[in-house]
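For ligands, and for the atoms within them, numbers begin at 1 and follow the listed sequence.
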Amino acid sequence: MTASTHFLRETSYRALPPEFFTPAPVSPPPAPQWVVFNGGLAAELGLPEGAATPELLEWLSGGAPPKGRENIALAYAGHQFGYWNPLMGDGRAAMIGEIVAPGGAAYDVHLKGSGRTRFSGRGDGRATLSAMLREYIVSEAMAGLGVPTTRALAVVATGAPVYRQTPQPGAVLTRIARSHVRVGTFQYAANEDARRGQGPLLTKALADHCIARLYPEFAGEPDAYLAFFAQVVARQARLVAQWMLVGFIHGVMNTDNMSVSGETIDFGPCAFMDGFNRRQVYSSVDAEGRYAFNRQAPIAGWNLARLAECLLPLFDADEGVALGRAEKMLDEFRPAYGAALAEGLERKLGLKSHDPANETFIAGLWRLLDASNADFTLFFRRLTRVAGGAGDSDFLDLFAQADAAAREDAARFLADWRGLTAGADSSARFELMRLANPIVIPRNHRVEQALAAANEGDLQPMLRLCAAVKHPFREPPAPEKPEDDLETPPRPEEQVRETFCGT
Ligand code: AMP
Ligand code: MG
């Protein structure tokens with residue numbers, strides 16, 4: 001380690017038993033170049049000014065780490081689209097260290113696209129520039145929206161092509177996360193077929209690592225493992241509710257893509273919905289709709305049940321008692337999710353909290369969205385404008401293309417909304433709604449345009465999009481050109497139907 005990279009210290013993950021990781025070989029790319037360095041995040045993490053040195057560039061591109069340091073690939077298993085895979089692991093990623101932020105929280109630093117590892121199988125260990133920039137844009141948007149998420153510190157171009165259907169520019173993303181321990185990491189630890197009697201020991205070591213990192217207040221408590229699991233359940237419930245409130249579809253909620261920290265992780269064919277469709281899927285590999293918009297909560301519950309199975313030996317020595325405890329905790333998921341969703345919708349709609357009348361009204365909201373396919377973001381944005389004193393016409397225009405019944409429903413919805421919100425302080429309501437309803441989300445057609453431009457060497461559209469999605473509740477500047485309009489939904493010919501842009 002040298003002075004310029006001193007902020008990257010050895011990760012505490014290395015203290016885990018050797019089964020959990022393996023050295024990641026280094027494969028220096030031919031011509032590493034910064035594409036983006038996230039100065040805002042660097043400051044939040046307490047990195048020194050000028051942290052983006054040539055030495056760091058080399059390390060973050062998958063090249064040699066400083067003397068005395070070694071990158072590691074993490075081992076994990078998982079259910080992919082419901083099918084058990086006993087060995088996955090970082091096939092194109094590596095953990096390089098951790099950063100302790102000014103508040104004292106430690107963050108893993110992980111490279112994605114940094115080359116082959118023992119877990120690569122037939123994969124090339126590489127990533128395309130467009131897939132890495134997509135993760136950069138969408139994770140910045142999530143952070144701007146206040147949704148817990150892994151972040152991107154940098155994207156570095158490697159200068160080497162990556163072969164997908166066609167040759168594409170290659171890149172490495174630096175991901176920052178409170179934890180890279182996935183449900184699949186626990187499945188890996190607890191899998192007795194492979195661990196041969198070591199499962200409970202390894203599971204305990206992993207749980208202790210997670211508690212020390214994420215929930216230190218539980219360490220040493222008599223029911224620490226139950227408390228840990230309860231926290232994972234609670235955070236996941238809140239996380240998925242937050243996704244639903246902004247129309248986010250993760251796309252690949254395999255157990256290896258769900259972190260025990262409650263951060264959104266692994267941005268693949270994810271997307272924000274334009275026109276509402278509760279069965280919306282953007283991933284071309286999800287023909288069955290397993291991870292559709294309205295399946296996300298039940299799937300998170302399913303994944304948590306897989307985690308509970310792994311933790312059973314830690315809950316109690318008696319299997320029956322352990323199972324009872326696990327089920328009790330799992331039962332908390334649905335009400336916790338329901339409460340977080342309802343509370344979020346009350347804010348989005350400016351309703352009085354916990355009003356018994358809200359439930360029926362909210363059921364009507366989903367029906368109206370379903371019947372009309374109105375743009376999800378604009379629906380709440382325009383309702384917010386109505387709350388701010390605008391006339392009804394902008395809101396009702398959203399339903400101009402819908403059938404007569406949906407148009408009538410929209411008018412009735414607005415009347416019911418007025419009834420429910422009457423009497424309360426209207427400026428407080430407007431403020432509440434303004435801060436709950438984003439104006440700018442990374443709409444798929446704008447993301448694709450920004451990525452296409454970046455592939456041609458023009459980073460301006462991507463940087464502009466990133467700057468806007470960081471402040472999603474701010475009115476964006478009036479667009480000078482039509483393609484600068486980040487607010488308007490795509491025209492039919494601009495619509496993106498799939499966001500699986502290769503790995
Ligand atoms: P993901 O779809 O990103 O969750 O990846 C699923 C698994 O495939 C993980 O173990 C990845 O490390 C691995 N993987 C994905 N792409 C590649 C690649 N290009 N080379 C090697 N492994 C990969
Ligand atoms: Mg993954």
Ligand 1 to Asp90 polar contact by distance, N or O atoms, under 3.5 Å: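 Looking only at distances, the answer is no, because the N/O contact criterion of under 3.5 Å is not met.
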Any N or O of Gly89 closer than 3.5 Å to N or O of ligand 1: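 Gly89 vs ligand 1: N/O contact under 3.5 Å present.
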Could you tell me which atoms of ligand 1, counted from 1 in the order shown, lie closer than 4.0 angstrom to a heavy atom of [X]?
{"X": "Gly123", "answer": "20 (N), 21 (C)"}
{"X": "Met88", "answer": "10 (O)"}
{"X": "Asn257", "answer": "4 (O)"}
{"X": "Asp256", "answer": "4 (O)"}

N, O or S from Met88 under 2.8 Å to the Mg ion (ligand 2):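 Of the N, O and S atoms in Met88, none lies under 2.8 Å from the Mg ion (ligand 2), which means no.
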Return yes if a side-chain donor-acceptor contact under 3.5 Å exists between [X] and [Y], otherwise no.
{"X": "Arg175", "Y": "Thr150", "result": "no"}
{"X": "Arg134", "Y": "Thr128", "result": "no"}
{"X": "Asp208", "Y": "Tyr225", "result": "yes"}

Criterion ring pair (Phe, Tyr, Trp, His ring centres under 6.0 Å) against Phe229, the qualifying member of Phe218, Phe333, Phe315: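 Among the candidates, only Phe315 passes.
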Counting only heavy atoms, which portion of [X] has something under 4.0 Å from ligand 1: side chain, backbone, both, or neither?
{"X": "Tyr76", "answer": "side chain"}
{"X": "Asn254", "answer": "neither"}
{"X": "Arg164", "answer": "side chain"}
{"X": "Arg126", "answer": "backbone"}
{"X": "Val252", "answer": "neither"}

Name, closest N/O/S atom of Asp266 to the Mg ion (ligand 2):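 For Asp266, the N, O or S atom at the smallest distance from the Mg ion (ligand 2) is OD2.
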CA sep, side-chain torsions, deciding dist, call: Phe272, Met142, side-chain contact (heavy atoms from CB on, under 4.5 Å): CA-CA 10 Å; Phe272 287 80; Met142 294 301 258; 3.7 Å; yes
Qualifying residue for side-chain hydrogen bond (donor to acceptor under 3.5 Å, both in side chains) with Arg182, from Asp266, Asp256, Thr255, Asn303: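 The option that passes is Asp266.
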Passing candidate, side-chain hydrogen bond (donor to acceptor under 3.5 Å, both in side chains) with Asp90, options His110, Lys112, His180: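 So, applying the side-chain hydrogen bond (donor to acceptor under 3.5 Å, both in side chains) to Asp90 and each of His110, Lys112, His180, only His110 qualifies.
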Close approach of Gly125 to ligand 1, heavy atoms, under 4.0 angstrom: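 True for this residue.
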Ligand 1 contacted by Ala93 (non-hydrogen, < 4.0 Å):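 So Ala93 does not count as touching ligand 1.
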Asn254 side chain reached by Tyr291 side chain, heavy atoms, under 4.5 Å: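 With C-beta onward as the side chain, the pair touches.
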Aromatic contact, Phe276 with Trp366 (centres under 6.0 Å):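 Ring centres of Trp366 and Phe276 closer than 6.0 Å.
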Qualifying residue for salt bridge (Lys or Arg N to Asp or Glu O under 4.0 Å) with Asp274, from Arg491, Arg497, Arg443: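 When Arg491, Arg497, Arg443 are each tested with Asp274, the salt bridge (Lys or Arg N to Asp or Glu O under 4.0 Å) holds only for Arg443.
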Best match, Arg116, Arg122, Gln80: closest heavy atom to atom 6 (C) of ligand 1: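 It is Gln80 that holds the nearest heavy atom.
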